[in-house]
Number of protein chains: 2
Amino acid sequence: MGDCCLSHNTVTVDICLTSNYNEHMETRDIVSLISKIREKVNRHIVSEMAKQGMEEIGTSHGDILYALFKTPRLTMADISRRINKDKSTVTALVDKLVRLGYLTKERDQEDARVVYVALTPKGSELEPIFESISREMLDRFYANVTDEERELLFGALTKIYNNF
Amino acid sequence: MGDCCLSHNTVTVDICLTSNYNEHMETRDIVSLISKIREKVNRHIVSEMAKQGMEEIGTSHGDILYALFKTPRLTMADISRRINKDKSTVTALVDKLVRLGYLTKERDQEDARVVYVALTPKGSELEPIFESISREMLDRFYANVTDEERELLFGALTKIYNNF
DNA sequence: GAATAATGGTTTGACGTCAAACTATTTGGC
DNA sequence: GCCAAATAGTTTGACGTCAAACCATTATTC
């Protein structure tokens, strides 16, 4: 009783549709835990980015920049696939990064439909900052988590991911 | 190489700031796995709700209804706390549910600042539907996951949650 | 080779979300 | 008792997000 979502191994199974339910500061079920961890991680990253001077961008912009650190020229569709966001969303996100001077857009010469996105020098300068933020975040994330736990976590989460 | 975020136990630590990075259909790190699971679960729930006639509402509305199934009268601030959303967000969400006929709002007589939210009969009718959707979702979620994994998952995720 | 389909991006409209400013009540200190 | 601080909700403005409609260009098909 008082649980969110699932009373393990008991008769009663409480209802919790979505992933954000919170009962007196306890986090009783995995679904909502997942949701809340994601939220905390995102907030943490945004605040770290703001500290480093990236006040105006959010995690999705970060995903795009990160993708371009790894692959310096991507089409809009590429980005959409990589960051798991609708193409119209990507249009908005990339346009903002262009406006801020981090990216450039350029139409392909062979196929006039496709647009290539690339980093500007100002955009490239962000890479080390991203790296340090990422490292700090991962250190914090995995603090107190043993390698065994990490492996099991990854395995179990992969299973769950594939259940949907 | 080609990893997102973390190459376990190796020298290179790839960068992945946010939680939605996707590399050729693989899900290589826990942070992005978490984010994607959350997304899939949410989509699944919304689509199940739509199937059951709840076309117009999303998971956050579901959280509010769920909270009211458990506690039939809540203030706006209660709801905000329970579903982890800003109070202004709650105003919008509750107003929509009122507009759809699922909830009522009523000012407290003793303290004219507070507003009580409660289910209408039409709202109460949703409870069994929610219960079945929730059960189905949890069955799917935990399919192939052993009790041990579940426990370890919960423990590890709790640790991670508390790291932020 | 012209009509049709497919593809890549953008636009538009709706919505959830937050933060900040605001309103209206209550509570506390003096 | 009155003024200041606290509290409960709402409003407003900005933004990320998606889906659907749309526009351009390239591929197909006959």
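Quick note on labels: first sequence line is chain A, next is B, and so on, each numbered from 1. Below, each value reflects all heavy atoms present in this structure, side chains not excepted, and no hydrogens, waters or symmetry copies. Fair warning: this is a prediction, and the values are worked out from it, not measured in the lab.
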What pairs meet the salt bridge (Lys or Arg N to Asp or Glu O under 4.0 Å) rule with one or both residues in residues 107-116 of chain A, with sequence neighbours excluded? A:D111-A:R113
Strand contacts (DNA chain D) in residues 91-106 of chain A, 4.0 angstrom heavy-atom criterion: A:L93, A:K96
Only counting residues at least two apart or in another chain, list the ones meeting ring pair (Phe, Tyr, Trp, His ring centres under 6.0 Å) with B:F164. A:H44
Looking at residues at least two apart in the chain, or sitting in another chain, which of them share a ring pair (Phe, Tyr, Trp, His ring centres under 6.0 Å) with A:H61? none
Protein-nucleotide distance ([X], atom [atom1]; [N], atom [atom2]), rounded to Å:
{"X": "A:N42", "N": "C:dG16", "atom1": "CG", "atom2": "P", "answer": "20 Å"}
{"X": "A:M76", "N": "D:dC18", "atom1": "CE", "atom2": "C1'", "answer": "15 Å"}
{"X": "B:N84", "N": "C:dT17", "atom1": "CG", "atom2": "P", "answer": "11 Å"}
{"X": "A:R107", "N": "D:dA24", "atom1": "CZ", "atom2": "C1'", "answer": "8 Å"}

Report each atom pair, protein N/O against N/O of nucleotides 19-23 of chain C, whose distance is under 3.5 angstrom.
{"from": "C:dA19", "atom 1": "N6", "to": "B:S88", "atom 2": "OG", "distance (Å)": "3.0"}

Considering only heavy side-chain atoms of A:K85, the closest of D:dC18, D:dG9, C:dC18 is D:dC18
Kindly say whether the aromatic ring centers of B:F130 and B:F69 come within a distance under 6.0 Å. yes
With a 4.0 Å limit, can you tell me whether B:T75 has a side-chain N or O closer than that to the phosphate oxygens OP1/OP2 of D:dA8? no
When you check the phosphate oxygens OP1 and OP2 of D:dG16, does a side-chain N or O of A:H61 lie under 4.0 Å from one of them? yes
Set out, line by line, the N/O atom pairs under 3.5 Å between protein and nucleotides 26-28 of chain D.
{"from": "D:dT26", "atom 1": "OP1", "to": "A:E110", "atom 2": "O", "distance (Å)": "3.3"}
{"from": "D:dT26", "atom 1": "OP1", "to": "A:A112", "atom 2": "N", "distance (Å)": "2.7"}

My understanding is that only residues two or more places apart in sequence, or in another chain, count here; which of them pass salt bridge (charged side-chain N to carboxylate O under 4.0 Å, His left out) with B:R73? none
Quick one: list whatever passes side-chain hydrogen bond (donor to acceptor under 3.5 Å, both in side chains) with [X], sequence neighbours left out.
{"X": "B:K40", "value": "none"}
{"X": "B:K51", "value": "B:E48"}
{"X": "B:T91", "value": "none"}
{"X": "A:K87", "value": "none"}

Which residue pairs pass the side-chain hydrogen bond (donor to acceptor under 3.5 Å, both in side chains) test with at least one member in residues 94-103 of chain B, sequence neighbours excluded? B:D95-B:K105
From CD1 (A:I79) to CG (A:L93), nearest 0.5 Å: 9.0 Å
